[in-house]
Amino acid sequence: MKIATYNVNGVNGRLPVLLRWLNETTPDVVCLQELKAPQEKFPEQAILDAGYNAIWHGQKSWNGVAILARNAEIKEVRRALPGDPEDEHSRYIEAEVNGITIGCLYLPNGNPAPGPKFDYKLRWFERLRLHAAELFASSMPVVLTGDYNVMPTEIDAYKPERWVEDALFRPETRAAFKTLVDQGWTDAIRKLYPTETIYTFFDYFRDAYGRNAGLRIDHFLLSPQLASRLTAAAVDRNVRGWEKTSDHCPVWIELADE
DNA sequence: ATGTCCTCTCTTAGAGGA
């Protein structure tokens with residue numbers, strides 16, 4: 001089973017790119033972030049015509065997350081991260097597909113830091129940590145994937161010294177990610193490629209893609225039940241070179257059948 | 001500071017976010 005994550009940066013503006021990528025790579029499950037569309041403007045029919053069921057949680061202008069599945073039922077579990085009923089951002093949706101719990105997340109960017117946006121990022125991270133601990137304790141096969149807005153280590157950033165003050169790389173952010181992973185989760189890309197330079201995001205500025213000046217901020221965290229089934233993981237880097245493309249690349253994992 | 005690209009609006013230019 002192939003599971004992918006893709007921060008599309010506008011699901012309607014990016015629809016031709018999304019449909020082409022779905023058609024060419026046929027993942028079984030897809031987690032989307034940054035829909036940038038209200039609930040009623042999600043391109044459901046185009047997704048259905050492409051062969052995918054979908055659930056989504058939209059929001060006007062910002063955020064927005066979705067889970068797509070090909071030839072499988074999507075059983076929605078929740079469409080918000082527990083712990084703060086006041087939080088209006090559409091940043092988390094969770095479902096069961098083929099017996100696997102899929103958590104699709106869009107962690108806050110947090111810039112400028114320090115400041116209220118960075119505080120919100122760290123509070124959101126703490127809520128994720130608590131919810132992840134519950135999922136982990138359930139002994140279900142779980143994947144937590146999406147745009148974490150974190151470079152976990154220095155090898156995950158082009159010129160990391162330039163990012164030490166940034167919300168995506170500050171010590172508090174990296175520590176929060178490490179605390180989460182240390183619950184027992186497996187970072188799928190690093191499990192298979194411990195030291196390689198692998199990026200999932202390239203800024204639109206200054207031809208970052210052409211210069212390979214990227215960041216690794218889109219991640220797959222696997223529970224032990226799934227880590228043992230991991231057979232492949234990769235970034236669809238070429239998609240970043242397409243016309244009218246997102247600033248993120250799709251990332252995917254392959255799991256062996258039980 | 002800047003670069004680019006998305007979405008929305010007190011809309012065809014500018015603001016906010018990333």
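Quick note: numbers below take in every heavy atom, side chains included, and nothing from hydrogens, waters or symmetry partners. Naming convention: chains lettered A, B, ... in sequence-line order (proteins, then strands); numbering from 1 in each chain. Here the structure is a predicted model, which is why all the values come from computation and not from measurement.
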Between [N] and [M], how far is it from one [atom1] atom to the other, in whole Å?
N      : M      : atom1 : answer
B:dT11 : B:dC6  : P     : 22 Å
B:dT12 : B:dT7  : C1'   : 14 Å
B:dC10 : B:dA15 : C1'   : 12 Å
B:dC5  : B:dA1  : P     : 23 Å

Original post:
Going by atom types only, do A:Asn111 and A:Lys117 share a side-chain donor-acceptor pair under 3.5 Å?
Top reply: no
Subject >> A:Asp156 side chain to A:Thr153 side chain, donor-acceptor N/O pair below 3.5 angstrom >> reply: yes
Ignoring backbone atoms, establish whether [X] has a side-chain N or O less than 4.0 Å from OP1 or OP2 of [N].
X        : N      : answer
A:Arg14  : B:dC6  : yes
A:Lys36  : B:dC8  : no
A:Lys117 : B:dG17 : yes

Original post:
What about A:Tyr199 and A:Tyr158, are their ring centers closer than 6.0 Å?
Top reply: no
Provide, to the nearest angstrom, the distance between the [atom1] atom belonging to [X] and the [atom2] atom belonging to [N].
X        : N      : atom1 : atom2 : result
A:Glu34  : B:dT4  : CD    : P     : 19 Å
A:Phe205 : B:dA1  : CZ    : C1'   : 11 Å
A:Phe202 : B:dG3  : CZ    : C1'   : 17 Å
A:Tyr204 : B:dC6  : OH    : P     : 6 Å
A:Asp203 : B:dT2  : CG    : P     : 15 Å
A:Asp247 : B:dC6  : CG    : P     : 9 Å
A:His89  : B:dA18 : NE2   : P     : 8 Å
A:Asn111 : B:dG17 : CG    : P     : 12 Å

**OP:** Determine the sole option in A:Glu34, A:Gln33, A:Arg14 for which the side-chain hydrogen bond (donor to acceptor under 3.5 Å, both in side chains) test with A:Asn7 is passed.
**Re:** A:Glu34
Original post:
If pairing requires Watson-Crick or G-U wobble contacts with both distances under 3.5 Å, which nucleotide is the partner of B:dC5?
Top reply: B:dG17
Starting the side chain at C-beta, find the nucleotide from [options] nearest to [X].
X        : options               : result
A:Asn109 : B:dT9, B:dC6, B:dA18  : B:dA18
A:Tyr106 : B:dA18, B:dC8, B:dG17 : B:dA18
A:Arg206 : B:dC8, B:dT2, B:dC5   : B:dT2

Original post:
Can you name the one residue among A:Leu135, A:Thr101, A:Ile100 that meets side chain to side chain contact (heavy atoms under 4.5 Å, CB included) with A:Met140?
Top reply: A:Thr101
Original post:
Toward the 5' end of DNA chain B, which comes first, A:Asn12 or A:Gly110, by nearest nucleotide?
Top reply: A:Asn12
Subject >> Of A:Phe201 and A:Thr245, the one whose closest DNA chain B nucleotide lies more 5' >> reply: A:Thr245
Original post:
Is it true that atom CD of A:Glu258 has more than 12 heavy atoms of other residues, nucleotides or ligands lying nearer than 6.0 Å?
Top reply: no
